[in-house]
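Below you'll find the structure, written out as structure tokens, and then a few comments.
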Amino acid sequence: MPADVLRLATWNVNSIRARVDRVVDWLRRGDVDVLAMQETKCADDQFPTMPFLEAGYEVVHCGFNQWNGVAIASRVGLDNVEVGFEGQPSWGKDGTDAKAEARALAATCAGVRVWSLYVPNGRTLADPHYQYKLEWLAALRNTAEQWLRDDPQQPIALVGDWNIAPTDEDVWDMAAFAGATHVSEPERDAFNAMIDAKFTDVVRPYTAGPGVYTYWDYTQLAFQKRRGMRIDFILGSPELAARVTHAEIVKDERRPGKKGDPAPSDHAPVLVDLSR
DNA sequence: ATGTCACTAGCTTAGTGA
């Protein structure tokens, strides 16, 4: 990258241990300065830090077990690390063992406050996980609004797997999602509430649909059949949004390899270039 | 063509989550 550009990316890696070589290889090839990762699927002491260090990246991770897990790798500084956001809801079988999951991690990189976010899936509309998802999003919105009240000029990037397709164009076939999560009105309302709070989708203007996705199910040859969903987003505060010069979805990193090659993640990386 | 993948426990497979 030229010295006046900051390249920031997000990627649901679906297990960092299964894919660390592929991820670090892309960091090099993609000339990425900061990468937020989701679904690392490991505890902190299992995270493969060395390959990142060898490639010139600091890395911070938050993972408690085999589920969820978020990380940030940066070659432009990694300061003021924060695990979880104020008011982040907990999840557990009952009130006693409920605790905040490894779904939110922040660091300041080259002056940009980066939040790596893994929004709860929701599972089904009738599942308690769905209410948890909505509460999680509402809490994030409230807290993020406060960050902007505290400092309206702050460059903030809320990036990750939002597990919401905000418009009908963001899924390959709305009929296939009848009664499903990711497309329901409450979820879309929750996403749009982030937009209303002045965090704008800075990638969509550079990647207009229809047929533009960030995720393709592993089953049923979904990628080959172009059956995907746009659920990974980079939302920027006004200051950050004003600095965006380019954005793209790196679909090639989702492409299945030759037989015998390690499988790709089911998500593609999403990136933005910022002037600095 | 019974074409998804990755995790765990404690197994050579089932259960879970996505």
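Any value given below was found using the heavy atoms of this structure, including those in side chains, with hydrogens, waters and symmetry copies removed. Letters A, B, ... are given to chains in the order of the sequence lines, protein chains preceding strands, and every chain is numbered from 1.
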**Asked** If you measure from the P atom in B/dA6 to the same atom in B/dG10, how many Å do you get, rounded?
**Response** 23 Å

**Item:** A/N163 vs A/R17, nearer the 5' end of DNA chain B by closest nucleotide
**Value:** A/R17

**ILVMFWY network linking A/Y118 to A/W67, side-chain heavy atoms under 4.5 angstrom** = no

**Prompt:** Other hydrophobic cluster members with A/M50, side-chain heavy atoms of Ile/Leu/Val/Met/Phe/Trp/Tyr under 4.5 Å, chained?
**Reply:** A/L53

**Asked** Is A/L134 isolated, or which residues cluster with it under the ILVMFWY side-chain rule of less than 4.5 Å, directly or via members?
**Response** A/L125, A/Y130

**Prompt:** In residues 211-224 of chain A, what residues come within less than 4.0 Å of DNA chain B, judged by heavy atoms?
**Reply:** A/Y218, A/T219, A/Q220

**Request:** Output the rest of the hydrophobic cluster of A/W216: all Ile, Leu, Val, Met, Phe, Trp and Tyr residues reachable through side-chain heavy-atom contacts under 4.5 Å, sorted by chain and number.
**Result:** A/V171, A/W172, A/M174, A/F177, A/V183, A/Y213, A/Y215, A/F223, A/M229, A/I231

**A/W91-A/F64 co-clustered via ILVMFWY side chain contacts under 4.5 Å** = no

**B/dA14 versus B/dG3 - spacing of their P atoms, nearest Å** = 15 Å

**Message:** At a heavy-atom distance below 4.0 Å, which nucleotide of DNA chain B is the first touched by chain A, and which is the last?
**Reply:** B/dT4 to B/dA18

**Item:** Basic-acidic side-chain contact under 4.0 Å: A/D127, A/K133
**Value:** no

**DNA chain B: 5'-proximal contact among A/R123 and A/N14 (nearest heavy atom)** = A/N14

**Asked** Has A/E86 got more than 12 heavy atoms of other residues, nucleotides or ligands less than 6.0 Å from its CD?
**Response** no

**Message:** So, using side chain to side chain contact (heavy atoms under 4.5 Å, CB included) as the criterion, who are the partners of A/P155 when residues are at least two apart?
**Reply:** A/V112, A/E239, A/L240, A/R243

